[in-house]
Amino acid sequence: MPKVIVPAGLSMGPRFRYATPPDPLPECHEVHLGDDLIELTETEAAVWSAAFADHEGHAALTVDRASLVDALERAPVPVYGPAKVVADLVDRGLLVELDTDGDLAPVFSGHRLFPLAQGLGGTPEAPDEHRIGPAGRPVLAVPSTVYGLWSFSLLNDSLWAACAYYAEGDAGLTAAGIAAEIAEHLPLLLATGCAFLDRTAPAFRT
């Protein structure tokens with residue numbers, strides 16, 4: 001499986017200047033990441049937002065750096081030099097690459113997962129699939145392990161710590177095994193706005 005790329009941080013939207021008459025162009029776009037409020041230019045914000053766009057690709061784990069750059073080059077309003085912008089956002093922690101089949105401990109240890117949508121439970125037809133979505137509207141369904149960790153992971157110091165804690169409750173589970181299951185569903189959880197990936201704050205870093 002190629003290394004996937006996902007967005008990190010919580011969008012705080014555009015920030016406008018105090019001006020008379022009002023300036024229609026934002027001064028910047030802001031993203032909350034860890035203990036920082038990061039300012040993005042219009043171009044950077046467009047690239048970061050594009051990392052959420054391909055839901056089908058995220059579900060299939062096919063959104064990687066190359067496909068993101070290609071989508072930006074083919075966009076109705078193409079981004080100039082998208083590869084450089086993507087690389088810069090990766091360096092700043094606003095885009096995160098992970099190998100869903102590899103060692104997830106380094107990436108998961110540096111991030112926390114926060115739920116943003118509602119847990120909507122299962123259905124009589126599929127009791128093992130738990131639905132998640134905003135305002136009572138399901139947008140995806142995940143297995144029980146992913147559902148439980150999605151809902152409780154914010155209580156742990158990191159996503160890896162959440163996987164380890166979850167594994168302690170079942171002798172047949174391991175942190176690595178749970179992390180692999182989470183990684184399979186993480187891109188779509190983030191792309192649909194059902195969760196956001198945050199950098200661990202300094203107080204939580206080890």
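We number each residue from 1, following the sequence as shown.
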Minimum heavy-atom separation for [X] and [Y], please, with both atom names.
X	Y	answer
Tyr166	Gly148	CE1-C, 3.9 Å
Ala8	Gly93	CB-O, 3.4 Å
Ser151	Pro115	O-CG, 4.4 Å
Leu72	Ala50	CD2-CB, 3.6 Å
Pro7	Leu197	O-CB, 4.2 Å
Trp160	Ala175	CZ2-CB, 3.8 Å

Please check if [X] and [Y] belong to a single hydrophobic cluster, counting links between Ile, Leu, Val, Met, Phe, Trp and Tyr side chain heavy atoms closer than 4.5 Å.
X	Y	result
Val90	Val69	yes
Val85	Ile38	yes
Val4	Leu89	no
Leu190	Tyr147	yes
Ile5	Leu61	no

For the atom pair [atom1] ([X]) and [atom2] ([Y]), what is the distance rounded to the nearest 0.5 Å?
X	Y	atom1	atom2	result
Arg112	Thr200	CZ	OG1	8.5 Å
Arg199	His111	CZ	NE2	7.5 Å
Leu189	His58	CG	NE2	11.5 Å
Leu149	Asn156	CG	CG	7.5 Å
His185	Thr145	NE2	OG1	9.0 Å
Ile182	Thr100	CD1	OG1	13.0 Å

Exercise for review: Compute whether any side-chain donor of one residue and acceptor of the other, for Asp70 and Ser67, lie under 3.5 angstrom apart.
Suggested key: no

Check your understanding: Which word best sums up how the rings of Trp48 and Phe52 line up, parallel for under 30°, tilted for 30 to 60°, or perpendicular for over 60°?
Key -> perpendicular

Check your understanding: Should the ring pair Phe196 and Phe114 be called parallel, tilted or perpendicular, given that the plane angle runs from 0 to 90° and is split at 30 and 60?
Key -> parallel

Pick out which of [options] makes a side-chain contact (heavy atoms from CB on, under 4.5 Å) with [X].
X	options	result
Val86	Leu94, Leu68, Val79	Leu68
Ile178	Leu173, Val146, Leu104	Leu173
Leu10	Leu33, Leu116, Val31	Leu116

N/O donor-acceptor pair under 3.5 Å between [X] side chain and [Y] backbone:
X	Y	answer
His32	Gly34	yes
Arg65	Ala83	no
Ser158	Gly110	no
Ser49	Ala46	no
Asp103	Ala105	yes

Check your understanding: Between Asp88 and Glu44, does a side chain to side chain contact (heavy atoms under 4.5 Å, CB included) hold up when you go through it step by step?
Key -> CA-CA 9 Å; Asp88 181 60; Glu44 291 168 340; 3.8 Å; yes

Using a 3.5 Å cut-off and no angle test, enumerate the donor-acceptor pairs between side-chain atoms of residues 128-143 and protein atoms at least two apart in sequence or in another chain.
unit_1, atom_1, unit_2, atom_2, d
His130, NE2, Ser144, OG, 2.9
Arg131, NE, Gly121, O, 3.2
Arg131, NH2, Leu120, O, 2.9

Review point. Could you walk me through whether Glu30 and Arg15 pass the salt bridge (Lys or Arg N to Asp or Glu O under 4.0 Å) check?
Key: CA-CA 7 Å; Glu30 296 178 320; Arg15 187 178 75 203; 2.6 Å; yes

Review point. Salt bridge (Lys or Arg N to Asp or Glu O under 4.0 Å) with Glu184: which residues, sequence neighbours excluded?
Key: none

Exercise for review: List the steps and the verdict of side chain to side chain contact (heavy atoms under 4.5 Å, CB included) for Arg92 and Leu40.
Suggested key: CA-CA 11 Å; Arg92 295 164 67 186; Leu40 300 181; 3.8 Å; yes

**Study point:** Test side chain to side chain contact (heavy atoms under 4.5 Å, CB included) applied to Tyr80 and Thr43, step by step
**Key:** CA-CA 9 Å; Tyr80 177 76; Thr43 297; over 6 Å; no

